[in-house]
Amino acid sequence: MTGRAPGPDPVQDSPRITPPRHHAVGVHAVTNAMRMAQRQMGVVRGARALLRVNQPDGFDCPGCAWPEEDKIHKAEFCENGAKAVAEEATRRRVTPEFFARHAVADLLGRSGYWLGQQGRLTRPMLLEEGATHYAPVGWERAFEIIGEEFAALGSPDEAVFYTSGRTPNEPAFALQLFARRLGTNNLPDCANMCHESTGSALVETLGVGKGSVSLEDIHHADLVIVAGQNPGTNHPRMMAALEQTKDNGGRIISVNPLPEAGLERFKNPQRPRGVVGSGTKLADLFLQIRAGGDLALFRALNLLLLEAEDAAPGTVLDRAFIEEHTLGFEAWEKDARTTAWDDVLTATGLPRERIERAARMVLESKSVIVCWALGLTQHKHSVPTLREVVDFLLLRGNVGRPGAGVCPVRGHSNVQGDRTMGIFERMPEAFHAALDEEFRFTSPRRHGYDSVNAIKAMRDGKVGIFVGMGGNFVAAAPDTPVTEDAVRRCALTVQISTKLNRSHLVTGTRALILPTLGRSDEDRTAAGPQFVTVEDSMGLVHASRGRLKGEPELRSETSIVCAMARAALGPGDDVPWEEFGVDLDRLRERIARVVPGFEDFNARVREPGGFALPHAPRDTRTFPTHTGKANFTVNDMVVPHIPEGRLLLQTLRSHDQYNTTVYGLDDRYRGVHDGRRVVLVSPADIEGLGLAEGAYTDLVSEWPDGRVRRAAHFKVVAYPTARGCAAAYMPEATVLVPLDHTSDISNTPAYKSVVIRFEPDSGPDAVVVI
Ligand SMILES: Nc1nc2c(c(=O)[nH]1)N[C@H]1C(S)=C(S)[C@@H](COP(=O)(O)OP(=O)(O)OC[C@H]3O[C@@H](n4cnc5c(=O)[nH]c(N)nc54)[C@H](O)[C@@H]3O)O[C@H]1N2
Ligand SMILES: Nc1nc2c(c(=O)[nH]1)N[C@H]1C(S)=C(S)[C@@H](COP(=O)(O)OP(=O)(O)OC[C@H]3O[C@@H](n4cnc5c(=O)[nH]c(N)nc54)[C@H](O)[C@@H]3O)O[C@H]1N2
Ligand SMILES: [Mo]
């Protein structure tokens, strides 16, 4: 079923390598974006689409969850936001004729890049049992099939509803209501594979699983620590915020195994010094840490703060804050003092002097923010690492005051909103109670499956129906062949999507593709023009209105979810699904009564710029944890073990991709061109392991279950990464991540720490296309 892509699929395994860049987002980047936009959309449509991005009456950029700098007055989009828009607003079309030409088996041999390049999905398609090709199906027949398959389930828990974080609030709320009316909490989402560790750590320690800072805080912080994040590619608008921090005299520390260009220097195209000058230097200190070394680093910083307090009592710790607002300090302190430098130096790979320098910078800063993304969330010990980050901030009262706090930088543009709307396999009791009261039923309290457990349940034959609300589950989830075999055991798979991807090709016995409107598309229903709402990484909720004319057959995500709910729950279900499907105000009225912070939703979201959700630690320095205080936690030291002759591989994004969507074959800032099958290794490790720069190798991961996980034919690139570490792109390297290798507590796949060894190249014919 798999193999090398024939014909026009571009060859991805002949990358050309140039030296890495030391700055990000110059004029060059913007020109690139315009080129990409024009290729996909044409000049006029392209310009019209881009002018609407992140405008008060426009649509929310589908690129990332970083908030808009000044939503009311100026257009703000970045190179990668433009690519995301171009990918969606493309004029290319996947038609029924396309599916007639290409058997599913043929499409399975194509890369995700090629599939995405074919354009927008246009018609509902059905893959019947035993059929080789998808065939067009009417919407009504599609919903009938869904009704039949739901009726055939033995129990509601045999259905799984996966959500990707681009889904706006309204369809997300409708989807969770559907699942819970059916009687299940099987609502896994992409956050399970992304920032779940953040949620686990912050709910326990601060009481709210979201970031506590605003853009203002970033601008005015004395020190911003950016750990495990590559904003130059993944959150480009964040660099403008960091530039402001620098303008205001703040400093930045970057913690990363890779010297990411976007953290070195920023050339802001909207400023003269960005256009003709050398831009703004961002990181004042770069800690080139070993992957998985962050827990040790924060333990060391905390020890140094305690020692500074010993040397000058009363000057370092915020005793009043600790006394009034926290619990557990004494037990924490006792343990913190046992931190051994040998462990710290091995785990971090950093010289002690650099950690001491970082500690001095912390001591010189009244207000400190820690920003992080996947480099901190996708390890086995991610939750303790993030709890230790909170300990670090609590020590000096760096939560709940200006310029200070936690800043998890979320990924998908509405991943945070989806969770707020109830997309979670274990929502708190208060949410269930409010939902029950509003819709007069008893929602199930038994926890559902998260993403990894959903795969295990499918593997074990416990799931009949898998619904994908956006996303590309089989390529995003770990252990690709294991996940694919699991999904194939379902009776029905349903994908609600904008673009063709691998999850449409790895199917249950029957499969449906339901094509939907995207962010940039206009949604006009019997009730008039509709808009949706989203929540950014800082808890700001605002409206998003698409303006481009979509294909006539497309339906909005909300209307699809509501029609599915009606089909599955039957005419007797007294939720007004038909009304919700056409008039989003009616749905928002209900959200306003169920979800805290959304009171008067319809009116407030129509204000320019939207509104901010409450956040107790930020707003009132209160901490709604199980103890009612902010909690210090004791987190045992972890020194990642890398066996002799092995490296710790992280799987990450190139500059030309959006998760599993590949836009192009370049990773410009890292100097990788025209190909993606590269493994970045430090020159010292290349020599130590007897590898040859530029040669090809297989990557084999090591896991005690005895299964051989091999990613064939990767080019060895000498790269200034930390020693002992390697990096390769997702989703090509995802096959190496074992399903059981997950973070403790949050169960997030440990995509950033896979022990690998190198074996002789099996050659290009062994490449399994993904
Ligand atoms: N253009 C574009 N934008 C995106 C996305 C995209 O694919 N393309 N994806 C979106 C999504 S869903 C998300 S979640 C975010 C992802 O945003 P990021 O988290 O920036 O994504 P990654 O590419 O996985 O990069 C992880 C970074 O962490 C570093 N790192 C890895 N391991 C460690 C470690 O152990 N310690 C430390 N300190 N650093 C480490 C890596 O070197 C890298 O710089 O971006 C969002 N925005
Ligand atoms: N190896 C490895 N794997 C990873 C990660 C990693 O770092 N390493 N990161 C993980 C992370 S952080 C995440 S968030 C997941 C991402 O997992 P997903 O969110 O499941 O994957 P995406 O690639 O973002 O999904 C792309 C698809 O979404 C659909 N889509 C796009 N826009 C819309 C829309 O508006 N509506 C609907 N209904 N569909 C739309 C299109 O069909 C497109 O093909 O991947 C995870 N996987
Ligand atoms: Mo993500």
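Just follow the structure's listing: the first ligand is 1, and inside any ligand the first atom is 1. Fair warning: this is a prediction, and the values are worked out from it, not measured in the lab.
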Return a yes/no value for R166: is any of its N or O atoms, backbone included, closer than 3.5 angstrom to an N or O of ligand 2? yes
Looking only at non-hydrogen atoms, which of G471, C190, S451 approaches atom 29 (C) of ligand 2 most closely? G471
Considering only protein heavy atoms, which is closest to atom 43 (C) of ligand 1, and at what distance to one decimal place? E260 OE2, 3.4 Å
Could you identify the single nearest non-hydrogen protein atom to atom 16 (C) of ligand 1 and state the distance to 0.1 Å? L374 CD1, 3.7 Å
At under 4.0 Å between heavy atoms, is it the side chain or the backbone of Q495 that contacts ligand 2, or both, or neither? neither
Is any N or O atom of M193, backbone or side chain, closer than 3.5 Å to an N or O atom of ligand 2? no
Could you tell me how the ring of Y658 sits relative to the ring of Y663: parallel (under 30°), tilted (30 to 60°) or perpendicular (over 60°)? tilted
For ligand 2, which atoms have a heavy atom of S497 less than 4.0 angstrom away? 39 (N), 42 (O)
Using heavy atoms and a threshold below 4.0 Å, how should the contact between V415 and ligand 1 be classified: side chain, backbone, both, or neither? neither
Residues S413 and C61: closest non-hydrogen pair is CB-O, 3.5 Å
Atoms of ligand 2 under 4.0 Å from any heavy atom of Y162, numbered from 1 in the order shown, are 17 (O), 18 (P), 19 (O), 20 (O)
Against heavy atoms of S164, which atoms of ligand 2 measure under 4.0 Å? 18 (P), 19 (O)
With heavy atoms of H379 as the reference, note each atom of ligand 1 found under 4.0 Å away. 32 (N), 33 (C), 34 (C), 35 (O)
Between ligand 1 and L297, can you find any atom pair, the residue atom being a heavy atom, that is separated by under 4.0 Å? no
Minimum heavy-atom separation for P478 and Y751, please, with both atom names. CD-OH, 3.4 Å
With backbone taken as N, CA, C and O and side chain as the heavy atoms from C-beta onward, which portion of T660 lies under 4.0 Å from ligand 2: side chain, backbone, both, or neither? both
Numbered in order shown, the ligand 2 atoms found under 4.0 Å of a heavy atom of I496 are 37 (C), 38 (N), 39 (N)
Please could you name the atoms of ligand 2 that H412 approaches to less than 4.0 Å, counting only its heavy atoms? 14 (S), 19 (O), 24 (O)
Quick one: nearest non-hydrogen protein atom to atom 47 (N) of ligand 1, plus distance? N234 O, 2.8 Å
Salt bridge present between R120 and E551 (N-O < 4.0 angstrom): no
Go through the steps to decide whether K83 and E87 satisfy the test salt bridge (Lys or Arg N to Asp or Glu O under 4.0 Å), and finish with yes or no. CA-CA 6 Å; K83 288 185 203 162; E87 180 79 13; over 6 Å; no
Which ligand 2 atoms does G470 reach within 4.0 Å, using its non-hydrogen atoms? 37 (C), 38 (N), 39 (N)
Protein heavy-atom partner closest to atom 7 (O) of ligand 1 - residue, atom, separation in Å: N659 N, 2.7 Å
Please list, in number order, the atoms of ligand 2 under 4.0 Å from a heavy atom of T651. 1 (N), 2 (C), 7 (O), 8 (N)
Can you find a side-chain donor-acceptor pair between T167 and D418 that sits under 3.5 Å? no
A291 heavy atoms, cut-off 4.0 Å: which ligand 1 atoms fall inside? 34 (C), 35 (O)
Taking non-hydrogen atoms only, is V409 closer than 4.0 angstrom to ligand 1 via side chain, backbone, both or neither? neither
Counting heavy atoms only, which part of N501 comes closer than 4.0 Å to ligand 2: side chain, backbone, both or neither? side chain
Pairs of donor and acceptor atoms involving the side chains of residues 723-740, under 3.5 Å and at least two apart or interchain, shall be tabulated with distances.
residue	atom	partner	partner atom	Å
R723	NE	D685	OD1	3.3
R723	NH2	D685	OD1	3.1
Y729	OH	D667	OD2	2.6
E732	OE1	R676	NH2	2.9
E732	OE2	R676	NE	2.7
E732	OE2	R676	NH2	3.4
T734	OG1	P731	O	3.2
D740	OD1	K456	NZ	2.8

Does some side-chain heavy atom of R653 sit less than 4.5 Å from a side-chain heavy atom of N234? yes
Considering the heavy atoms of G292, write down every atom of ligand 1 situated less than 4.0 Å from one of them. 34 (C), 35 (O)
Would one find an N or O of R290, backbone or side chain, under 3.5 Å from an N or O of ligand 1? no
I'd like to check which ligand 1 atoms, numbered from 1 as shown, lie under 4.0 Å from a non-hydrogen atom of K752. 24 (O), 26 (C), 31 (C)
Indicate the atoms forming the closest heavy-atom contact of L282 with I252, along with that distance. O-CB, 3.6 Å
re atom 31 (C) of ligand 1, the protein heavy-atom contact at minimum distance is Q650 OE1, 3.0 Å
Below 4.0 Å from ligand 1: does a non-hydrogen atom of K83 turn up there or not? no
Quiz question: by atom type and distance under 3.5 Å, do the side chains of H379 and T385 form a donor-acceptor pair? no
Any idea which heavy atoms bring D294 and A227 closest together, and the distance? OD2-CB, 4.5 Å
Show me which atoms of ligand 1 lie under 4.0 Å from any heavy atom of V255. 37 (C), 38 (N), 39 (N)
Heavy atom of T498 under 4.0 Å from ligand 2? yes
Report, in ascending order of atom number, the atoms of ligand 1 lying under 4.0 Å from any heavy atom of G228. 19 (O), 27 (C), 28 (O), 29 (C), 37 (C), 38 (N), 39 (N), 40 (C)
Do the side chains of E88 and K499 get close enough for a salt bridge, i.e. N-O under 4.0 angstrom? no
Begin from the C-alpha positions of E196 and N747 and carry the test side chain to side chain contact (heavy atoms under 4.5 Å, CB included) through to its verdict. CA-CA 8 Å; E196 198 64 62; N747 210 24; over 6 Å; no
Residue Y658 vicinity, atoms of ligand 2 by number, heavy atom under 4.0 Å: 23 (O)
shortest atom 38 (N) of ligand 1-to-protein heavy-atom contact is with D294 OD2, 2.8 Å
Pull out every atom of ligand 1 sitting under 4.0 Å from any heavy atom of T233, numbered as shown with elements. 1 (N), 2 (C), 3 (N)
May I ask you to check if R419 and F424 form a cation-pi contact, with NZ or CZ under 6.0 angstrom from the six-membered ring centre and within 45° of the axis? yes
Smallest heavy-atom separation, P515 atom then I560 atom, equals O-CD1, 3.8 Å
Where is the nearest protein heavy atom to atom 14 (S) of ligand 1: which residue, which atom, and how far? C194 SG, 3.1 Å
To which of R653, Q378, M730 does the heavy atom nearest atom 13 (C) of ligand 2 belong? R653
Name the closest protein heavy atom to atom 33 (C) of ligand 1, giving the residue it belongs to and the distance to 0.1 Å. G375 O, 3.4 Å
Measure across G119 and V94 and return the closest heavy-atom pair with its distance rounded to 0.1 Å. O-CG2, 3.6 Å
For H235, the ligand 1 atoms whose distance to one of its heavy atoms is below 4.0 Å: 15 (C), 17 (O), 45 (O), 46 (C)
Who's the nearest protein heavy-atom neighbour of atom 3 (N) of ligand 2, and how far? Y751 CE2, 3.1 Å
Can you classify the ring geometry of F466 versus Y162 as parallel (below 30°), tilted (30 to 60°) or perpendicular (above 60°)? parallel
Does K499 reach ligand 2 with a nitrogen or oxygen that is under 3.5 Å from one of the ligand's nitrogen or oxygen atoms? yes
Report yes or no: does N192 contribute a side-chain atom to a donor-acceptor pair with the main-chain N or O of D189 at less than 3.5 Å? yes
